[in-house]
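Step one of this worksheet: look at the structure below.
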Amino acid sequence: MRTAVLGPRPRIRTALVIGLGYATAVVAVPDASWRPAAGAAVTLVLHVLAVVSCLVAARREPDERVVWWAVATTFAMNLVGSAVAVVESELGDPPFPSAADVWWLAAYPSLAVGILGLYRSRVAARGLSTWLDAATAGLGAAAVAAAAYAVVPQHGNRLGDLGTAVALSYPSADLVLLSLAIGLVSVAGRRADHVVLLMSVVLFTKTVGDLALATTQTTGGTGSGVLAEICFVVATALGTVTADRAGRRDRRVPAAPVLRAALTPVLGTVAGLCVLSATWGDGRATVAEALALGCLAAAVARSALGVRDAERFREIHRLASTDELTGLPNRRAFLAVAETLLDDGRPVGILLLDLDGFKAINDGLGHAAGDDVLLHVAGALSDTVRTGCTPARLGGDEFAVLVPDADLAATRAVAAALEASVTRPVPTSGTSVRVGVSIGAAAAHGAGTGAVDLLRAADLAMYDVKRSHHGTGAEAPVLPSGAG
């Protein structure tokens with residue numbers, strides 16, 4: 001049996017042995033004369049292994065194909081940058097920034113695509129609001145980290161403005177991606193998928209390496225350079241492990257508790273405000289200030305989205321509880337109001353109205369005429385009932401009115417006024433029509449009676465009216481407290 005490339009386990013073992021072995025050798029052997037050639041070879045092997053692992057992951061996980069292609073592109077561009085750096089070193093003392101920095105910096109967009117795509121696939125991040133919450137938390141944390149690192153005052157005259165910008169761009173980009181990833185998990189979930197966890201470790205290790213390298217470039221120290229080299233090697237080796245583990249998918253991270261999901265972006269916003277209050281106004285723009293401003297921009301965008309979502313929720317709630325044609329409350333809303341009044345122990349009366357002759361109008365003159373009649377009835381109910389009553393359309397040509405704090409006599413008095421109002425002529429389709437109405441009345445004294453039971457009693461009374469063919473003459477018994 002032949003294999004074109006090393007299998008997952010051999011790739012992982014090879015990457016870990018080479019990466020950890022080289023890191024150990026760097027610490028154990030202080031003499032740096034052997035490191036350039038060995039470092040170049042280790043970088044080549046580890047990056048090739050990482051690229052191969054990412055391409056295999058892309059083939060194995062079709063839903064995450066773009067993710068692993070993007071991460072593979074990142075490792076490939078970093079490899080090209082390392083090769084350019086070796087060539088520049090062979091030709092003499094390389095400038096800073098150099099052509100290698102172009103390749104390394106150009107790898108960040110593809111890294112961002114891969115990281116964000118991975119977290120979107122494996123973390124329960126639903127909707128733009130979750131991403132904005134994570135951005136607020138992440139940028140706030142990154143601003144605090146950048147302010148604490150305080151790398152800008154270390155520059156002195158060692159680097160020019162371009163050198164300063166390039167030196168800071170690496171750790172700044174790392175901090176943004178790492179903080180966004182951590183913020184996303186904090187906002188969206190409580191148990192990290194193992195691939196998400198490994199990728200977070202890769203980002204953290206790379207961030208530490210770039211911070212150490214920035215310190216070396218700005219202060220000229222050597223200890224930080226060794227730490228940076230070790231971190232880059234370990235991060236690349238862990239990248240291979242992460243890609244090879246991609247096929248073993250855990251279930252998606254479950255949603256975080258509401259309190260923590262809400263508290264995380266709030267803390268990020270507070271962190272951004274604290275950084276700005278401590279650093280703003282000294283006449284010097286810093287990375288921490290830029291990150292803090294980004295944090296506040298994300299918070300403002302999230303607030304605007306929250307207002308929009310609240311308006312949308314109110315509209316959905318209105319549509320769910322409102323009859324589309326008449327604008328009156330529907331059956332669900334009507335019963336909810338009745339149940340609330342009954343639970344409070346208040347006397348409640350209900351009128352159930354059924355139109356007589358509506359079907360003939362609807363069939364003879366068309367649905368437009370039928371709609372005109374229904375709108376007329378809805379308007380008559382709204383105009384006739386006293387303040388505090390709740391008119392509703394229960395469906396078809398069936399309407400109801402809830403009369404709070406009323407006994408059966410008071411409820412039937414409202415019914416008499418409604419009959420006169422509903423049966424007025426309705427102009428429609430170039431003519432005038434009139435419908436009759438049968439109204440059943442029922443009332444309950446206080447708690448112990450359900451809204452559905454009360455509506456059923458009114459329904460029985462309404463059918464008695466229909467059978468007797470006269471107005472509101474039938475009476476339904478008053479349901480006593482505790483009646484079923």
Side-chain angles (χ1 to χ4, degrees), residues 127 305-342 348-404 411 414-415 417-442 450-459 461-463 465-466:
L305 187 63
V307 172
R308 189 199 69 178
D309 289 343
E311 291 293 335
R312 183 179 297 172
F313 176 79
R314 281 194 290 269
E315 179 64 15
I316 291 173
H317 178 73
R318 186 190 68 80
L319 293 175
S321 59
T322 304
D323 176 63
E324 183 178 1
L325 174 65
T326 64
L328 295 178
N330 58 18
R331 179 183 292 268
R332 178 185 301 156
F334 180 82
L335 290 175
V337 175
E339 202 69 58
T340 299
L341 293 175
L342 290 169
V348 175
I350 280 185
L351 296 172
L352 187 63
L353 297 81
D354 188 79
L355 303 183
D356 299 326
F358 175 77
K359 185 176 185 303
I361 296 173
N362 206 40
D363 293 343
L365 297 178
H367 293 295
D371 288 347
D372 288 340
V373 171
L374 294 176
L375 290 171
H376 160 75
V377 174
L381 296 184
S382 299
D383 294 340
T384 305
V385 298
R386 60 183 173 85
T387 302
C389 294
T390 302
R393 183 188 178 198
L394 303 186
D397 60 345
E398 192 173 65
F399 292 81
V401 176
L402 183 67
V403 187
T411 302
V414 175
L418 287 177
E419 182 181 13
S421 179
V422 168
T423 56
R424 291 174 184 159
V426 182
T428 180
S429 301
T431 185
S432 181
V433 298
R434 186 195 301 267
V435 291
V437 62
S438 298
I439 306 177
V452 174
D453 294 327
L454 187 57
L455 186 62
R456 186 179 296 117
D459 186 58
M462 185 267 293
Y463 275 103
V465 171
K466 276 190 174 295

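- Inter-residue side-chain proximity for Thr411 and Val348 is flagged as unmet; no heavy-atom pair is nearer than 4.5 Å.
- Across every non-hydrogen atom of Ala380 and Leu418, the tightest pair is O-CD2, 4.4 Å.
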Start with the C-alpha gap between His367 and Asn362, add the side-chain angles, then the distance that decides, and say whether side-chain contact (heavy atoms from CB on, under 4.5 Å) holds. CA-CA 5 Å; His367 293 295; Asn362 206 40; 3.3 Å; yes

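- Heavy atoms only, all atoms of each residue included: Glu339 and Gly450 are closest at OE2-CA, 3.9 Å.
- Within the 4.5 Å cutoff, the side chain of Thr423 has heavy atoms near those of the Val437 side chain.
- In this structure, Val403 and Ile350 have side chains that are not in contact, with every pair of non-hydrogen atoms separated by 4.5 Å or more.
- Distance check: Leu335 CG to Arg331 CZ gives 6.5 Å after rounding to the nearest 0.5 Å.
- Under the side-chain contact (heavy atoms from CB on, under 4.5 Å) test applied with Leu394, the options Leu455, Asn330, Asp459 reduce to a single match, Leu455.
- In this structure, the side chains of Asp372 and Leu365 stay at 4.5 Å or more apart for every pair of heavy atoms.
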Could you walk me through whether Asp356 and Ser438 pass the side chain to side chain donor-acceptor pair (under 3.5 Å) check? CA-CA 7 Å; Asp356 299 326; Ser438 298; 2.9 Å; yes

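- Here Glu419 does not pair with Arg424 in a salt bridge; the nearest charged N to carboxylate O distance is not below 4.0 Å.
- The backbone N or O of Val422 lies less than 3.5 Å from a partner atom in the side chain of His376, making a donor-acceptor pair.
- For the atom pair Leu402 CG and Leu351 CG, the distance stands at 9.0 Å (nearest 0.5 Å).
- To the nearest 0.5 Å, the span separating CG on Asp323 from OG1 on Thr326 amounts to 3.5 Å.
- Residue Ala369 comes nearest to Ile361 through the heavy atom pair CB-CG2, 4.3 Å, listed as atom of the first residue, atom of the second, then distance.
- Nearest heavy-atom pair, Phe399 versus Leu352, reported as atom, atom and distance to 0.1 Å: O-CD1, 3.4 Å.
- A donor-acceptor contact shorter than 3.5 Å is absent between the side chain of Arg393 and the backbone of Leu328.
- Under the 4.5 Å side-chain criterion, counting only non-hydrogen atoms from C-beta, Val401 is not in contact with Thr390.
- Considering all non-hydrogen atoms of both residues, Val435 and Val373 come closest at CG1-CG1, 3.8 Å.
- Note that CG of Asp354 and NZ of Lys466 are 4.0 Å apart. Values are rounded to the nearest 0.5 Å.
- Here the shortest heavy-atom pairing between Thr384 and Ser421 reads OG1-OG, 3.1 Å.
- Contact of the Val377 side chain with the Leu375 side chain is not registered, since no non-hydrogen atoms from C-beta on lie closer than 4.5 Å.
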